[in-house]
Structure formats: C-alpha cells, structure tokens
Amino acid sequence: MRFFSYKNRPFHLGPYPLERLKRSETQPHFDDVPAMNAAVPGGAGEETLADPLQLFVGMLDVIRNGPVAAKRSIIPDSPEERARHMKAAGMFFDATMAGICRLPAQALLERSLRNPVIDDLARRAENIETKTFASGIDAIMADVRDSARARLGSVADHSHAIVYLVEHPREPRADEPGGGWLAGTTEQRSALRVAEVAVVLANYLRILGYPARAHTMTSTDVHLGKLALAAGLVEKRGSSGGVELVNPYVGTRYSLAAVTTTCEMAVDKPLAARGLADRWRSHGPAWWVGKGFYKSALNRTPYAGRDFAKGALPFEKLKSVDEPTTFIDEPRVPRVPKRADMFARALFGDMGKGMQAAAKGGHYVLKSPIGYCARRALGAFMLLQNGEKAPHVAASAKDPQKNAHDVKAALYFLGCDAVGISRCPDYAYYSHDANGNPITPYHNNAISTIIDQGHETMEGSSGDDWIAVAQSMRAYLRSQILGGVVAEQIRRLGYSARVHSVVDGEVLQPPLLLLSGLGEVSRIGDVILNPLLGPRLKSGVVTTDMPLVHDKPIDFGLQAFCGACNKCARECPSGSIPAGPKKMFNGYEIWKSDAEKCTRYRVTNAAGAMCGRCMKTCPWNLEGLFVEAPFRWVAMHMPRAARFLAWLDDRLGNGRINPVKKWWWDVELGADGSYTPASQVNTREINPNLVLRSEDQTLAAYTADLTPPPYPFPFPLDREKGIAAYRSLLDPADYRARLAEGRT
Ligand code: SF4
C-alpha cells in the first residue's frame, strides 16, 4: 500500500528516484572491477528451480541476436527522446532501473560467455510438432535452431549500451511454505527476468532497423558490471582487494542485462560520491515515504513481511465460497473446437476477405513494433511448453498441500501477480486442436496465473491506441515464461505438466480462473475481474496431473456491482459489451459480449493496435493507493453503491488519459515493412453523459450450434443467426427453473 500517487512522474524515470542521485562528470576506472561470472549454477537436481531457470534463460540467450530490418523506420531524431523511450520500454517490461552509456572498449569481453544449455535447445527444436493457428511457428523453430548454432561476432561496432537492472525479492527462507524450490535461485530468478527485458528490446531495435544485441548474465559479449558503472546504475564500494558494484537503493541485490546497439541516444552520467546534503536528497524524507515515486524505504523489499506462497497482496482476506458466484451448468457446457475462436475465424476467412487480410500473419500484432517485439520470444518458448516427465515421482512431491505451496511460492517468487489452483474439468478443454484432431482431456488440475497489464502505461493510453497490443503481448509472454519454469519443474519431479499460452493452448481459461478464486465474472464478458488487481490483467494456465490442494472461488460482490455499473459498456468503442443483464451462454451465466464485433474492431483498428479500453475505464482499474482502500471496501461490502461509485469515478476523471504517462511512439507499419509515424491515433476520452440502453444494442452470440467444424477451412459466419441466437439466450433464473423442471 502506498500513500502518494506517482501520477506526475514520467514513466521512464522508473520506480526508484535515481534522478535524486548526484552525478559525476568524469568516467569511472574499470581496472579494479571484478571479472564477470555467469549466473548459471544449473545441475542442482530436481529439488530447486535452478535447472528450469537455466533452461529458460537459455532460450532467451538463443534469440539474443537476430536479423535487422532491411529498411530503417522513422523514429524521433532526438537522442534524449530515444533515451527516454528505451528506458520507459524497459520499465514497461518490468526492469527496476535503466541507464544508458557509450559502449566503452574496456567493457568488451575477450571471451564471450555462452549458456551451456543453448546446444540442447537447438536439438529440441529439431523435432517439435506444433498445433497452433499462430503463423510462422515452423519458421520460428528454424530460427531457434539457426540462432542456437550461430557463432556471434564482436559488438565492437556498437556505439551505445542500454543497461537494465532487476532487483531481487527478499531471500527465500528454508522454513517458509514452498521455500525449498527457491533455495539458492534468487540470482537466477532475476537474471531470467532482466534477460527477458533486454532480449525483447534488442529485437525491438532490430525491427526498427538498428543493429542491436542483448547481453544477459548467462550469455554476453560485454562486462555488464562495467556497463552499469558507466551508465550510472552502480558505484564501486570497497577496497582494491574486494570491490563491489553497489546500487544506492538496492545494494548488491540485483541482476543485470544490456542491449548494445548502433542507435544513437543520450547517455547518463556515472554516479558521484555523495556528501551529507546529497544523501538527504537521495535517501531523506521523500525516500522514506515514497513521495511521488513508486518505491520507498517502506516498500523497498518485495515480500519483506509475507511468505511468497501467499502472494504480494492480501488474497487470504477475500471471502471464499464453494461455487463461483455465476452459475456453470457443468454437465451441459459444450466443448468447442479451437477453430471457433474469433481470431481463428478471421484468419480462415469466415469474417470476410478484409478481416482475413488484416488477421493474416498476425498483422494486428505486427503493426505495432513494441508489441511485435515480444512475439519472437513467444514463438520460441512454445518449444518449452510441454515435454517428457521424469520416469519416477520424487519423494518430495507427493503431498498435495506441499505441492500447492511449492507451486504458488515459485510463481510469486518469479513475479506472477496472482496464482490460483483448481480442478481442470473436461469442459474447460477445447474439443479439437488447431489441426482438427480431437482432444481427450488429459490433466485433472489447473494452475492459473494473472499478470497485471501495468497501471502506468494504462494511464497514459486511451486503451485502444498504439500501445494496447503491446500490453497484451508483454503479459502473454510473461505468463508463458513463468508458467513454463514451473511446468518444467513439475515434469522434473515426475508429473506431466503443460503450459497453455496464447500461441498454443488447449483449454479455455476463464472458467479455470473462476474455479481457482482469481476473480468473478464481470460485465466485460470473458474478463474475470480480480478485486485487488481489477480487470487490467491477462491470464495463463498450466495443467498437470500433480496432486494439488485446490483454492476456492471468491465472492466480493461483483455481480451486484457490475449489475449497477455499465461504464465499460458505455466506453466500448465497438459497442460489444451488453448494457443489459446476464444471460446463459453455452452453459455459463455471463454478460455475453459480442465477440464478433469486438474482434472486428481489434483486428481492423486503424488508429491503434488492438483494444483494452474496457479495462482502462473500469472503476476497479486502480493505482493501489491507501486513499483508494475505502472505494474497494465500499465496493466489496456495499455493492448497491456501485452506481454512485461509478458516478464518482467519472467525476474524478478516472479513465481519462494522463499524458505524463505516455511513453511509446505512435508508429504504423508501411508496405515496405518499415514503420512511420501513425496517421491516426485514438485519443478518446470518457463519455459520462452518454446513456447506453440495452434495447438500442444489436448483439450477436455464436452458440455451440453455430460454431464451425474443427478443420482449417472457411465457414462463413452468419451474423443474422448470431443475432437471433443472442435474442434467444435465456435469463439465468429462467434457465435454472427449466433445469429444475427437466426442460433443458
Ligand atoms: Fe463491471 Fe463497471 Fe468494471 Fe464494467 S466498468 S466491468 S460494469 S465494474
């Protein structure tokens, strides 16, 4: 909980007040800096996450270099703006700090470090079988093989380095629930997280036409500590016999990664020695309470006062219930093929040639380079979503309660924002995979994860401008990587486990989120809203046969709240969210949104890339301040106050764009593959005076009887039938009455 808002703080400055540190005009000496060692213990056996972490950072190492776009994109000339942008991009992907320096010759390593698992990954990429609608995955696997085998040359021709730092959470305790898996892996955990930042952003610069390479704690051509020193992220402490590189706010508890590039940008000055007055400025009262920035002396160490297994937020205080607050007619939920997904329908031409062209090759992602830059990693990590399990179950992995603690502690330690465990009912599985093959449900348990899409970036956005797709891609990649580490660990302990990601998944995630207590059904439709994180989230799932204790669904009054609030429906640019009541759709009680309209808008949005405006404008999209606690309390305990709270939310201007937080470049894709300044940008504001009535809406619902066959052939979508189907959806009370009478 924080007391002061960061609403006036530009995003590139980051959570720590680095700008308060005194700077030096002279460059540091590197002679006494200790040699760079790789953070790759590995070989630790199955009892900790060490080996899975090594494998996953290894995949990032495989793709740390790559082809540069043939034509350079048009980006701002200003070196200062470029520096701000690349630092903010780092914060977006969750770096703790960023600094920029010229690439000093003394930082070039004589012998590059190379992660030893890279060769194993090249071998794995030989025989991968993919079942996905995502385009170009076979090419991505070839890319993994080729990249893993490539011998990289020097980066001496690169002029600049952007250095990213990720702080460690507190050290896990051996006696805390789930502490065993984490022992001795803190350095690797942060090395993975910071590698993700650098690898994705090196790809971003290459997409824009600038040579760039990422350097991680496990595979690097440069001395990361020397770069951090030159970029003003760390200072030397100690004598010549034992020099340490220390950050003034996080000490030595951090991991580093860097992007070297030829892209010209403004550099930071090294840190200077600080006198008393300087210390008062950097570590005085403003730092103690966090006045105007995210981090402070009070919240500096993540999880300082909590077990990892509980999560960072007080989820244990939420009211648990035996059944979800919305009815699921489990025996009658029809399983549908993956082919029924609206993005697949667009791709196969069901929605017309225009939509097919816009969906082909993932164009709706490609059109935004800051979103597209994550896609190469998403494709590469498909290789690690599934795998062979160890032949025997480890003795340490037979207790369901201990297993649940291990899984949750690991996912929170790695950086998930919320985790829930539930059964994985058969109806949660698609009926057929992307190749049209029937799916027989295979795992009985599901581990669901939530990644926050980021409050600050959402504040700077309209929700449907050029950053929207990047918010999704970042969260999809994060859940794929973190879920992947845990699935790998489960397999090493002798159980089967599979990650279900946006590029390759075989389960529908919303029912699993409901069953695992991660939220309730909201008016937005498929978005499950979490009371402590709001609707601003993306989910991921790992299914497994590992025995696990389940969480219970939660009830925080959202059904009454959304029943009285319709801000998301009012603000939806495509009119896809119903202003009316919930209906029964395919066995679920939900506010049924018009998935066709929503998909059409997201795929063809000409003034942005995709859309998340419903999440942006919802009153539950909060900063996490102490002053917001009363809102949350009233919303959860007095849901009848929803109309008033939504009105108040409008009056406070929530849901509007905060220009201080806008950091990205509005660029669009040209025919030659380069990006140029966008000709249109959505900058819409909220419409408090608009009255949306359900009787004025025409919505379609594609019920199970209207879904296409499971095969990848065109099956034109019939909107008239969809509209008729929507009109015939039953009210939940009527549906249950019919059930009771045996009429459904
Ligand atoms: Fe529910 Fe209102 Fe949020 Fe929509 S905007 S999800 S109706 S609380």
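Numbering of ligands and ligand atoms starts at 1, following listing order.
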Give a yes or no answer on whether the side chain of Ser462 reaches the backbone of Asp464 with a donor-acceptor pair at less than 3.5 Å. yes
Residue and atom, protein N/O/S, under 2.8 Å of atom 3 (Fe) of ligand 1: Cys618 SG
Contacts of Phe413 that satisfy ring-ring contact (aromatic ring centres under 6.0 Å, His included) - sequence neighbours left out: Phe308
Taking all heavy atoms of Leu529 and all of Ser522, pick out the closest pair and write down the distance. CB-CB, 4.0 Å
Glu456 and side-chain hydrogen bond (donor to acceptor under 3.5 Å, both in side chains): which single residue from Lys7, Lys662, Arg9, Lys661 fits? Lys661
Return the set of residues passing side chain to side chain donor-acceptor pair (under 3.5 Å) with Glu596 (not counting sequence neighbours), or none when no residue passes. Arg600, Tyr702, Arg719
Go through the structure and list residues passing salt bridge (Lys or Arg N to Asp or Glu O under 4.0 Å) with Lys567, not counting sequence neighbours. Asp649, Asp650
